[in-house]
Amino acid sequence: MTVEVLREADVMGEAAQILLQHLSPAKAARFWASWHTGQGDYLKWRDEVFVHQSIDQLYEQILVHQQQMADSSGVGP
């Protein structure tokens with residue numbers, strides 16, 4: 001079993017697109033500014049967001065997502 005590891009730039013580019021789809025440009029800019037200055041507690045956020053999920057569950061979600069992306073792009077895993 002293999003897991004596709006994306007380049008950091010690819011992940012950041014996709015995240016930027018998602019933010020701009022769901023937030024106004026001003027809110028997205030504020031988010032990026034605070035993210036880069038290190039404000040906030042990532043570990044606290046992570047624990048709150050994923051409180052009811054195990055690593056195994058997250059791994060399965062990643063596999064399903066990758067398969068869906070491959071199916072929609074016509075490219076196999």
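- Of the inter-residue distances, the one linking E14 atom CD with Q17 atom CD reads 7.0 Å to the nearest 0.5 angstrom.
- Under a 3.5 Å cut-off, the side chain of Q67 and the backbone N or O of V64 do not form any donor-acceptor pair.
- In the hydrophobic clustering of ILVMFWY residues, with side-chain heavy atoms under 4.5 Å counting as a link, L58 and V49 come out together.
- For the residue pair L20 and P25, the shortest heavy atom distance occurs at CD2-CA, 4.2 Å.
- Nearest approach of Q61 to Q53, heavy atoms of both residues: NE2-NE2, 2.6 Å.
- The two atoms that bring E4 and Q66 nearest to each other are O-NE2, 3.4 Å, heavy atoms only.
- If you take CD on E60 and CG on L63, they are separated by 5.5 Å, rounding to the nearest 0.5 Å.
- If you chain together hydrophobic residues whose side chains sit under 4.5 Å apart, L23 and M12 fall into the same group.
- Of all heavy-atom pairs between D10 and R7, the closest is OD1-NH2, 2.8 Å.
- Counting non-hydrogen atoms of other residues, nucleotides and ligands closer than 6.0 Å to CG of L43 gives a total above 12.
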